S.K.: 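Can you keep this structure in mind? I'll have questions shortly.
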There are 2 protein chains.
Amino acid sequence: MNKNIYMHIYNDYSAQIQSGSLSTGQKLPSENELAEAYGTSRETVRKALHMLSENGYIHKIKGKGSFVLDTQRMSFPVSGLVTFKEVSERLGRSVRTIVYENDCVPSTAEIARCLQLKDPGPVWKVVRAREIEGEKIILDKDYFLTTYVPSLSLEAATNSIYEYLEQKLNLPISYAKKEISVEEVTPEDKLLLDLYDYQHIVVVRNYVHLVDTTLFQYTESRHRLDKFQFVDFARRAQN
Amino acid sequence: MNKNIYMHIYNDYSAQIQSGSLSTGQKLPSENELAEAYGTSRETVRKALHMLSENGYIHKIKGKGSFVLDTQRMSFPVSGLVTFKEVSERLGRSVRTIVYENDCVPSTAEIARCLQLKDPGPVWKVVRAREIEGEKIILDKDYFLTTYVPSLSLEAATNSIYEYLEQKLNLPISYAKKEISVEEVTPEDKLLLDLYDYQHIVVVRNYVHLVDTTLFQYTESRHRLDKFQFVDFARRAQN
DNA sequence: TTTGACAACCTGTATATACAAGTATGGATT
DNA sequence: AATCCATACTTGTATATACAGGTTGTCAAA
């Protein structure tokens, strides 16, 4: 789990801050103290602290030290590739996944464009609804390159696809681009979700790349207006 | 401008990649070559490359090198504290700012809560509409702690407030939290924007902190549904 | 009491070095 | 031709060191 020293330190402190055992505003030990405590060098400690700072856990002030930020108010997700399953588990809500479709289909023109396919071959398509506290609120439409994902079991689709891809198929997922916009509801949305009379729906398009930069997955996550929330943490520079 | 060596390298390459003079997939010089070229050490080069990677400009592969990512497709903003003025200037659109309000007001209960005020004193309030290609599309409502921003000229409100705060007042803005959600339109929205018949509006709440972690500004940016877009870049880990 | 100089501590930047581990290449062996 | 291996090059992690510059508290001088 903690292969690297700096990851070890990062995990220690991110866990402590998330659990609340370190409270907001509290001062962390100095870099030199941490280096001694972990039996490592200051630079290694600094790498861990920099990550904590980047991810909104702490705040560093030159000449003073590192201080815990208010992560309770931050809620989730503090940006990053956080899957639906991860978020809902954290919130402790009753969640159910309904798989409407899970098979290999020829790619439409639109999907070929989204996945940057030259020759529109087949893609693996998964359509799922996410039911939270009894209401079908999110419609997830996933498309995978069959080169990397030749097929997917119903079990994997019902649970976390990411877990399956990373742990079973060992696919090296690297980075993703998210696009959030609001669009008019489609007949499919009305059919598969509990939409009431809402005329619009929040669409989160997710383009997922592997470490060799190939785009291998395109996901459309369609959220009912009233249940959508996105949280982002950003730093002005390298403070 | 380029106080630090690693900032210098970062600025050089981020500019080249944004301008397109380095094309997608192109390989950057190796860390050792860059260190020699800039007359610096490898660690300093690595700091710059890490920043380029974090901000979605490049992608590093162990044993191979650093490669330019497709930033054209990324569009803007690639997350971060990018102001409206910065974005619109990049897009080269005709933009006009209409200042509806720019004065000191007593804080309401809601504003006091957003700014975490103990005793609800006065705050500086700015209400502006953003007109893009002739349509009033965005309503920006800014609230500042009078401790830091005692007053604001109409000129500063019309142009970029951030520019004024950072360059004139020298306020050390550090980090911010964004919350995106969709809400029902208010009578004020209908009055001040060109909303057609839309019943909902995208609300981006922005909580801006200084380097001493004090929350000094709260901004509500209300976007017409059809014109809203948010782009985010995220890495799975420290690849 | 106030001011100023100083020391002690803190983080930020930069350098040099070492080794681990992934990638590509070319040559020898099979 | 195909396989294996050594080699050189790449990035990743870790250490030690040095100095710059911000922060805080102390102590002496005004």
Side-chain angles (χ1 to χ4, degrees), chain A residues 1-11 13 25-54 57-69 170-172 174-175 210-214 235-239, chain B residues 1-11 13 25-54 57-69 170-172 174-175 210-214 235-239:
Chain A
M1 195 62 191
N2 296 318
K3 214 176 60 184
N4 307 326
I5 304 176
Y6 74 90
M7 268 299 191
H8 182 199
I9 303 175
Y10 174 83
N11 289 333
Y13 276 91
Q26 199 166 336
K27 185 178 176 299
L28 263 57
S30 78
E31 295 175 351
N32 284 316
E33 285 168 351
L34 283 172
E36 200 173 355
Y38 281 90
T40 184
S41 66
R42 193 182 146 217
E43 279 302 312
T44 301
V45 170
R46 281 179 61 74
K47 211 180 285 189
L49 293 182
H50 182 254
M51 279 176 65
L52 289 167
S53 166
E54 283 280 301
Y57 287 110
I58 66 168
H59 184 244
K60 309 189 75 182
I61 306 179
K62 188 200 246 188
K64 294 184 81 171
S66 301
F67 302 87
V68 177
L69 284 180
N170 232 349
L171 279 179
S174 174
Y175 63 95
L210 301 176
V211 294
D212 62 0
T213 76
T214 55
R235 280 194 182 282
R236 184 66 170 173
Q238 313 310 110
N239 297 307
Chain B
M1 193 64 192
N2 296 317
K3 216 176 58 184
N4 306 327
I5 304 176
Y6 75 88
M7 268 297 188
H8 182 199
I9 303 175
Y10 173 83
N11 288 331
Y13 276 91
Q26 199 166 335
K27 185 179 178 296
L28 263 54
S30 77
E31 295 177 351
N32 284 316
E33 285 168 350
L34 283 172
E36 200 172 357
Y38 281 89
T40 185
S41 66
R42 195 183 142 215
E43 278 302 311
T44 301
V45 170
R46 281 179 61 75
K47 211 179 286 187
L49 293 182
H50 182 253
M51 279 177 65
L52 288 168
S53 166
E54 283 281 301
Y57 287 110
I58 66 168
H59 184 244
K60 309 189 75 184
I61 306 178
K62 188 198 248 190
K64 295 186 81 172
S66 301
F67 301 88
V68 177
L69 283 180
N170 232 349
L171 279 179
S174 174
Y175 62 96
L210 302 176
V211 295
D212 63 359
T213 75
T214 55
R235 280 193 182 284
R236 184 65 170 173
Q238 312 310 108
N239 299 307

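In what follows, chains are A, B, ... by sequence order, proteins preceding strands, each numbered from 1. Computed from a predicted model, the values in this text were never measured in an experiment.
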S.K.: Round to a whole Å and report the spacing from NZ of B:K60 to P of C:dA21.
M.R.: 18 Å
S.K.: When rounded to the nearest 0.5 angstrom, what distance separates CE in A:M7 from CE in A:M51?
M.R.: 4.0 Å
S.K.: Can you tell me how the ring of A:H59 sits relative to the ring of B:Y175, calling it parallel under 30°, perpendicular over 60° and tilted otherwise?
M.R.: tilted
S.K.: A:I5 has an atom CD1; how far is it from atom P of C:dC19, in whole Å?
M.R.: 16 Å
S.K.: Write down the distance between NZ (A:K47) and C1' (C:dT13), rounded to a whole number of angstrom.
M.R.: 15 Å
S.K.: Rounded off to whole Å, could you give me the CE-to-P distance for the A:M51 and D:dA14 pair?
M.R.: 12 Å
S.K.: Write down the distance between CG (A:L34) and P (D:dA14), rounded to a whole number of angstrom.
M.R.: 15 Å
S.K.: Using 0.5 Å steps for rounding, measure from the OG1 atom of B:T44 to the CD1 atom of B:I5.
M.R.: 5.5 Å
S.K.: Atom CZ of B:F67 and atom P of C:dT23: how far apart are they, to the nearest Å?
M.R.: 11 Å
S.K.: Taking only Lys NZ, Arg NE, NH1 and NH2, and the carboxylate oxygens of Asp or Glu, determine whether B:R42 and B:E36 approach each other closer than 4.0 Å.
M.R.: no
S.K.: Report the relative orientation of the aromatic rings in B:H8 and B:Y38; use parallel for angles under 30°, tilted for 30 to 60°, perpendicular for over 60°.
M.R.: perpendicular
S.K.: Nearest 0.5 Å, please: how far is NZ in B:K47 from OG in B:S41?
M.R.: 8.5 Å
S.K.: What integer distance in Å separates B:E43:CD from D:dG12:C1'?
M.R.: 10 Å
S.K.: Please confirm whether the shortest side-chain N or O distance from A:T44 to OP1 or OP2 of D:dT13 is below 4.0 Å.
M.R.: no
S.K.: Where the side chain of A:R42 is defined as all heavy atoms beyond and including C-beta, which of C:dG12, D:dA16, D:dG12 is the nearest nucleotide?
M.R.: C:dG12
S.K.: Determine: side-chain N/O of A:R46 to OP1/OP2 of C:dG12, distance under 4.0 Å, yes or no.
M.R.: yes
S.K.: Of the listed nucleotides (C:dT13, C:dT17, C:dT11), which one gets closest to any side-chain atom of B:Y6?
M.R.: C:dT13
S.K.: Can you classify the ring geometry of A:Y57 versus A:Y10 as parallel (below 30°), tilted (30 to 60°) or perpendicular (above 60°)?
M.R.: perpendicular
S.K.: Whole-Å distance between D:dA14 P and A:H8 NE2?
M.R.: 12 Å
S.K.: Measure all distances between protein nitrogen or oxygen atoms and nitrogen or oxygen atoms of nucleotides 5-10 of chain C, and list the pairs falling under 3.5 Å.
M.R.:
from	atom 1	to	atom 2	distance (Å)
C:dC10	OP1	A:S30	OG	3.3

